[in-house]
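Working notes for the structure below.
What you see is a predicted model; the values in this text were computed from it and never measured.
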Amino acid sequence: MPAHTTAGPVRPIRPRTRTAASIVSLGALLAGSLTALTAAPASAAEALLSQGRTATASSTEGAGFPASAAVDGDPGTRWASQWSDGQWIQVDLGRTATVSRIVLNWEAAHATAYDIQLSDNGTDWRTVKTVTGSDGGTDEIAVSGTGRHVRLQGVTRSGGYGLSLWEFKVYGEEGGAPPQGGAVRVTGSQGNWQLTVGGRPYTVKGLTWGPAMADAPRYMPDLRSMGVNTVRTWGTDASSKPLLDAAAAQGLKVMNGFWLQPGGGPGSGGCVNYVTDTAYKNTMLTEFAKWVDTYKSHPATLMWNVGNESVLGLQNCYSGAELEAQRNAYTSFVNDVAKKIHSIDPDHPVTSTDAWTGAWPYYKRNAPDLDLYSMNAYGDLCGVRQDWIDGGYDKPYLITETGNAGEWEVPDDINGIPDEPTDVQKAEAYTKAWGCITGHQGVALGATMFHYGLEHDFGGVWFNLLPDGLKRLSYYAVKKAYAGSTAGDNTPPVITNMTVSTPTAAPAGREFTVRADIRDPDGDPITPKIYLSGNYANGDKRLIDAQYRSLGNNTFAVTAPEKLGVWKVYVQAEDGRGNAGIETKSVKVVAPPVTGTNIAQGRPTTASSAQASYGDCPCPASNATDGNASTRWASDWSDPQWIQVDLGSAKPVRTLQLVWDPAYAKSYEVQVSDDGNTWRTIHTTTTGNGDIDTIETATTARYVKLQLTARGTGWGYSLHEFGVYS
């Protein structure tokens, strides 16, 4: 994504070139998380973590059956609970661990259904395995997750007694992640590569980082609870240290990025001449080397990522043979950076990201010192594998951004703007993306999916897993992909079948109806909210509170903005548990209908001035009375100005409707005349705000004039429509 800075990247959405792969259809809805009992052999790195640790339980049958008896390593002692459902036993492992296997040696009083849960603090629990149909004896259960505390939460007993365990054994690896020390390597051979940390396999299960670096300690525990082991940044400098420190404290790694112009793909980043601008390249090389030297020994450093989407982005600066020369020069410079980094830090790989598999031939030809390639791909992610095969590449790759389909790759809706996927479709897309990544075994080494961001705006709702801190279906789809389960989690409300009553013709300033089916899987009370975004109407990406009223049955009467154009309306359903469902549709805001006949349409119209050539001009006065809302009159950029229409003869004037371009009048008078010389004022305002002004009057005149005295912007005055109704 574009326009990142080192201190705090921003992420606007923009069109961009697709990869050679076609857009894929989204997969099935994220499936339920009830999991059957599964046995798994211990791995070589496993250790028994629970023996001798502190154990507690919901109850005991008596003093002779304490919780500690289940973790003492003595098969002749046991814990036994009171004779009721809902009993539990938990063990504190003493430190965070990656838990891989649970072994339960039941006494006759066993659970037929139970959950295995993990916690970082002993208070907030997450279910990593749900077991049904247990027949007692010995249950050996494969799990995947990290935590300090492990709990068996009983659901259903086998008989009239309580629960009783001879042994409650927890196996795994201390630390929750590979050791902080040790070199990071890309090992293996063609088509059979892997990433290793300290000699141990490491699959990147990552997210791109959105919050401020200084806020990393607040959010890193949540990332770890999702099963995330890596975060990606776009820039590295002095502000990166809090992020690296917080990641290391939670056992996570960081892909440290370096920004190069024109980063971010089409539409952002500025232009550099990589063929001739030696000063820029030397400056960047020196800057990058400084931060590599600073952070090369930091325990959170995983690798270095040089540039973001610049091979693609160079098409905004150059074309033809010069574009080819620049792309070759850019990728050659990336290779220079890779060599420099390796000379300073031989223990961490170097990669480079683009958003176009067409960039890979340039890297293959000019950047042999890269250890692996990286790719940003969204709706077309699953085609990357075939592009890699067809290109005959000899390096593995990471996916450094992916998720649901972007604005640049979805079909347009009824109003001609990109049709944003639903929350359900977005969750499906993350699940499908992870399947495509893990499906390219030995080549795709993992992903940092997009995006662990908090922005609650147009782009934030499209991509962020937790806009405004509220977790969405996509958040839980990523958690299930990385941690293996979301069983036991309280999940978001689900919104479907959202409709807008008048999607192509909502009268400005008047009400239109929005309806959606909203349900909460956990039965939580739902609080709906309605927002609007003018991204396509006026370029404002913020979500603003809509004026609305509830009509019952998840139906709302929403007041349309006064500004004409296509708006997005959002239904946001919150469950009070930190989750939200968000659905959006477009609505085209049009001028409200006016009764009567527009007697100004097609009549002779003159003005004090008119722009001859700027943007979409020429913009003559006649454009304001041609009945076409897409044309406009535009004046010079000075005060005062005027525009008038000759109705041909004296006629009753009942209503005026002024449809302003963004260049509007803050102060103006409406004047009328019978002869075009002597004028009388029938309306005055000094508080105009643009958009649409509907003015009721009762007069008779041949000429109607707007005397414009104070502009609302630095431009001139501009009207799409100057309607006079009889």
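- Between Ile692 and Gln657 there is a side-chain heavy-atom pair separated by less than 4.5 Å.
- Put simply, OG on Ser310 and CG on Leu260 are 5.5 Å apart, with the number rounded to the nearest 0.5 Å.
- Side-chain contact between Tyr476 and Pro492: present, with at least one pair of heavy atoms (C-beta onward) separated by less than 4.5 Å.
- Here Asp277 pairs with nothing under the side-chain hydrogen bond (donor to acceptor under 3.5 Å, both in side chains) rule; sequence neighbours left out.
- Residues Asn464 and Glu455 have side chains that bring a donor and an acceptor to within less than 3.5 angstrom of each other.
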- Task: In sequence, state the C-alpha distance, the side-chain angles, and the governing distance for Tyr274 and Gln261, and then conclude on side-chain hydrogen bond (donor to acceptor under 3.5 Å, both in side chains).
- Result: CA-CA 10 Å; Tyr274 283 95; Gln261 294 181 356; over 6 Å; no

- Stepwise, does the side-chain hydrogen bond (donor to acceptor under 3.5 Å, both in side chains) test hold for His683 with Gln671? CA-CA 7 Å; His683 176 79; Gln671 300 176 342; over 6 Å; no

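- For Trp633, there are no side-chain hydrogen bond (donor to acceptor under 3.5 Å, both in side chains) partners two or more places apart in sequence or in a different chain.
- Within the 6.0 Å centre-distance limit, the rings of Tyr536 and Phe458 are counted as a close aromatic pair.
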- Task: Show your working on salt bridge (charged side-chain N to carboxylate O under 4.0 Å, His left out) between Arg577 and Asp524 and close with a plain yes or no.
- Result: CA-CA 8 Å; Arg577 305 288 295 273; Asp524 295 320; 3.6 Å; yes

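- Counting only distance, with no hydrogens or angles, the side chain of Ser638 and the backbone of Asp636 share no donor-acceptor pair below 3.5 Å.
- Partner Asp646 forms a salt bridge (charged side-chain N to carboxylate O under 4.0 Å, His left out) with one of Lys705, Arg702, Lys651 and no other, that one being Arg702.
- Checked by atom type and distance alone, the side chain of Asp540 pairs as donor or acceptor with a backbone atom of Arg542 at under 3.5 Å.
- Side-chain contact between Glu309 and Glu401: present, with at least one pair of heavy atoms (C-beta onward) separated by less than 4.5 Å.
- Between Asn628 and Thr631, the side chains place no donor N or O within less than 3.5 Å of an acceptor N or O (distance only, hydrogens not considered).
- When side chains are defined from C-beta on, Ser635 does not count as touching Gln611, because their heavy atoms never get closer than 4.5 Å.
- Residues forming a side-chain hydrogen bond (donor to acceptor under 3.5 Å, both in side chains) with Arg603 (at least two apart in sequence, or on another chain): none.
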- Message: Could you go through Ser673 and Asp675, starting from their C-alpha distance and side-chain angles, then the distance that decides it, and tell me whether this counts as side-chain hydrogen bond (donor to acceptor under 3.5 Å, both in side chains)?
- Response: CA-CA 6 Å; Ser673 174; Asp675 58 8; 3.0 Å; yes

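- In this structure, Gln641 contributes its side chain and Thr709 its backbone to no donor-acceptor pair below 3.5 Å.
- Aromatic ring centres of Tyr378 and Phe463: separated by under 6.0 Å.
- A cation-pi contact, defined as under 6.0 Å to the ring centre and within 45° of the axis, is absent between Lys588 and Trp567.
- The main-chain N or O of Gly714 is found under 3.5 Å from a side-chain atom of Arg711 such that the two form a donor-acceptor pair.
- Between Gln326 and Val275, the closest side-chain pair of non-hydrogen atoms falls below 4.5 Å.
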- Going through the distances and angles, do Glu420 and Thr584 end up as a side-chain hydrogen bond (donor to acceptor under 3.5 Å, both in side chains)? CA-CA 7 Å; Glu420 185 167 346; Thr584 180; 4.7 Å; no

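- No donor-acceptor pair under 3.5 Å is formed between the side chain of Asp520 and the backbone N or O of Pro525.
- Under the 3.5 Å distance criterion, the side-chain polar atoms of Asn623 are matched with a main-chain donor or acceptor of Arg632.
- Remark: the backbone N or O of Asn598 is not paired with any side-chain donor or acceptor of Gln601 at under 3.5 angstrom.
- Annotation: side chain of Trp234 is in contact with side chain of Thr208 (closest heavy-atom distance under 4.5 Å).
- Heavy-atom contacts from other residues, nucleotides or ligands closer than 6.0 Å to CD1 of Ile414 number 12 or fewer.
- Atom CD of Glu322 is surrounded by more than 12 heavy atoms from other residues, nucleotides or ligands within 6.0 Å.
- Here the two rings, on Trp637 and Tyr614, have centers that are under 6.0 Å apart.
- Taking the side chain as every heavy atom from C-beta outward, Thr697 and Arg654 never approach each other to under 4.5 Å.
- Side-chain rings of Trp660 and Tyr668 approach one another, their centers coming within less than 6.0 Å.
- Between the Thr357 side chain and the Asp387 main chain, no donor and acceptor come within less than 3.5 Å of each other.
- For Asp380 (side chain) and Gly383 (main-chain N/O), no donor-acceptor pair under 3.5 Å exists by modelled atom type.
- Taking the six-membered ring where the residue is Trp, the centroids of Trp642 and Tyr717 are separated by 6.0 Å or more.
- With a 4.5 Å cut-off on side-chain heavy atoms, Asp423 and Val494 do not count as touching.
- A donor-acceptor pair is defined here as one N or O able to donate and one able to accept, closer than 3.5 Å; no such pair exists between the side chain of Thr400 and the backbone of Thr353.
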